[in-house]
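Worksheet for the structure shown next.
Only heavy atoms go into these numbers, but all of them, side chains included; no hydrogens, no water, no symmetry mates.
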Amino acid sequence: MDENRWSSQSSDLLRKIREFTRSIVEDLSKGQSPFVSIQRFRNYCTNSNGECNCSYDKSNGQEILTFQKETHVHRIDVLLRVLLIVQQLLQENRHGSKRDIYYMHPLVFSEQSVVDRAINDICILMQCSRHNLNVVPVGNGLVMGWLRFLEAGKKFDCINCPNTVHPIPVLVEDVKDIVSVAQYILVVEKESVFQRLANDQFCKTNRCIVITGRGYPDVPTRRFLQLLTEKLRLPVYCLVDCDPYGFDILATYRFGSMQMAYDAKFLRVPNIHWLGVFPSDSEKYNLPQRCLLPLTAEDKRKTEAMLLRCYLHREVPTWRSELELMLQRGVKFEIEALSVHSLSFLSEVYLPSKIQRGIFI
């Protein structure tokens with residue numbers, strides 16, 4: 001990131017933090033109970049009556065924290081403690097993880113989720129993203145393919161060896177000078193499938209960029225993918241297991257997560273296509289019964305809950321139809337089930353044929 005721009009953003013955040021804490025101190029000095037108003041956001045609803053007001057830009061109500069409620073006193077205490085740590089990180093131009101913050105007051109915070117909630121609340125109060133607070137996660141994402149970029153002056157060159165695996169940068173704001181000759185971006189759910197493609201030299205024979213978040217994608221993976229789509233303007237396809245969790249991961253890439261709905265517009269990739277594996281693929285590709293697993297009671301509950309999400313009705317009804325088909329058939333299967341035909345069936349037959357023939361939704 002440009003140093004002047006970073007300095008301006010940090011100065012603005014520090015000013016907001018000082019104003020926020022000063023207002024609370026002033027209320028307390030006057031014997032008044034301070035209150036903290038936190039806007040609430042959501043990226044989907046489950047209203048069956050068709051009335052949907054979900055928005056990526058507008059809040060859906062607010063929550064008021066006050067010292068008059070005992071449960072709120074602890075939340076405000078946690079909020080202020082985390083805010084002071086963030087202030088220190090910004091003043092010293094240092095970065096810390098959510099886990100670092102937790103261990104600074106473990107007895108007060110009691111568990112990691114308490115810190116996570118406070119950080120999200122601070123982002124909403126300060127109208128910023130998490131990385132603006134200098135709070136960074138441990139990166140999980142991986143990338144390979146026809147891509148070259150700089151990160152804080154360090155060169156990552158995948159083009160000369162497209163099947164070499166690189167970690168996705170944690171500080172995505174430091175990524176610049178992106179160059180690519182790829183024809184598309186492929187996002188895969190799991191590291192095992194990512195490594196299968198690497199072993200099969202998939203990127204050598206297919207001009208593409210392959211990314212995995214290794215399960216539910218972390219913030220750097222989602223930010224990096226969004227950055228690539230903005231800069232390169234390439235088609236983006238997603239390959240996930242045919243089960244409720246695979247579908248939820250797909251939805252996270254396209255629509256964002258509810259936990260970080262306030263920041264969804266900076267984390268989602270609205271033009272991503274579902275490439276597979278579809279429930280209908282089990283018949284189309286003649287998967288034997290031994291490759292299919294029955295949906296558990298929890299799988300069914302999760303699927304039924306996802307079917308109610310407004311964006312499936314509004315934006316991707318074809319996705320909803322496939323999800324309904326999975327529930328109707330009562331079975332699930334993994335991407336690796338395609339290996340029943342041959343170890344390289346996925347990379348040599350399934351993916352190339354689907355992309356070339358435009359079989360995605």
Side-chain angles (χ1 to χ4, degrees), residues 43 137 139-147 149 156 158 162-170 172 175 178 180 182-200 202-203 206-257 260 264 266-278 281 311 315-316 318-319 322-323 334-336 338 346-347 350-356 358-361:
N43 61 340
N140 286 322
L142 302 172
V143 61
M144 64 179 175
W146 297 81
L147 177 68
F149 60 90
F156 287 79
C158 308
N163 289 290
T164 299
V165 177
H166 294 276
I168 287 176
V170 171
V172 179
V175 175
I178 298 172
S180 177
Q183 297 173 341
Y184 60 87
I185 299 171
L186 174 64
V187 180
V188 297
E189 174 187 345
K190 301 185 294 188
E191 184 179 8
S192 58
V193 175
F194 183 89
Q195 294 296 347
R196 171 78 269 142
L197 297 179
N199 291 338
D200 289 346
F202 183 78
C203 292
N206 299 271
R207 290 218 167 201
C208 65
I209 298 166
V210 183
I211 286 174
T212 181
R214 298 203 273 189
Y216 280 93
D218 57 18
V219 171
T221 300
R222 290 157 63 191
R223 289 184 65 213
F224 185 69
L225 177 60
Q226 190 194 59
L227 178 65
L228 292 186
T229 59
E230 287 179 352
K231 297 293 185 181
L232 302 177
R233 304 291 180 182
L234 294 173
V236 187
Y237 308 108
C238 191
L239 180 71
V240 295
D241 283 340
C242 180
D243 64 24
Y245 295 93
F247 186 87
D248 200 25
I249 288 169
L250 168 71
T252 299
Y253 278 112
R254 176 154 180 164
F255 300 104
S257 64
M260 297 185 69
F266 299 115
L267 297 173
R268 62 190 291 257
V269 181
N271 61 333
I272 198 167
H273 299 288
W274 185 12
L275 188 64
V277 287
F278 303 146
D281 283 343
Y311 53 60
E315 298 185 44
V316 282
T318 50
W319 288 17
E322 285 289 337
L323 199 59
E334 294 183 279
I335 300 166
E336 292 92 333
L338 294 167
L346 175 69
S347 57
Y350 184 86
L351 291 175
S353 65
K354 280 211 155 196
I355 291 170
Q356 289 167 13
I359 305 175
F360 50 79
I361 54 178

Among Asp200, Leu197, Val277, side-chain contact (heavy atoms from CB on, under 4.5 Å) partner for Leu346: Leu197
Tightest non-hydrogen contact, residues Gly213 and Thr221, listed as CA-CG2, 3.9 Å
Flag, side chain of Asn140 to backbone of Arg214, donor-acceptor distance under 3.5 Å: no
Minimum heavy-atom distance Ile272-Cys238, with the two atoms named: CD1-CB, 3.7 Å
Kindly give the heavy-atom pair with the smallest separation between Thr212 and Glu191, and that separation in Å. OG1-N, 3.9 Å
Does Gly139 offer a backbone N or O that forms a donor-acceptor pair with the side chain of Asp218 under 3.5 Å? no
Where the side chain of Trp146 meets the backbone of Pro162, is there a donor-acceptor pair that is under 3.5 Å apart? no
Centres of the Phe360 and Tyr184 rings: under 6.0 Å? no
Can you check whether Val269's main-chain N or O pairs, donor with acceptor, with Arg254's side chain at less than 3.5 Å? no
Restricting to ring-ring contact (aromatic ring centres under 6.0 Å, His included), what partner residues turn up for Phe202, sequence neighbours left out? none
Can we say Arg196 and Glu336 salt-bridge, meaning some charged N sits less than 4.0 Å from an Asp/Glu carboxylate O? no
For Phe278, what residues pass the ring-ring contact (aromatic ring centres under 6.0 Å, His included) criterion, not counting sequence neighbours? Trp274
Reported CG-to-CG distance for the pair Asp243 and Asp248, which is rounded to 0.5 angstrom: 10.0 Å
Could you tell me whether the side chain of Thr164 and the main chain of Cys158 form a donor-acceptor pair under 3.5 Å? no
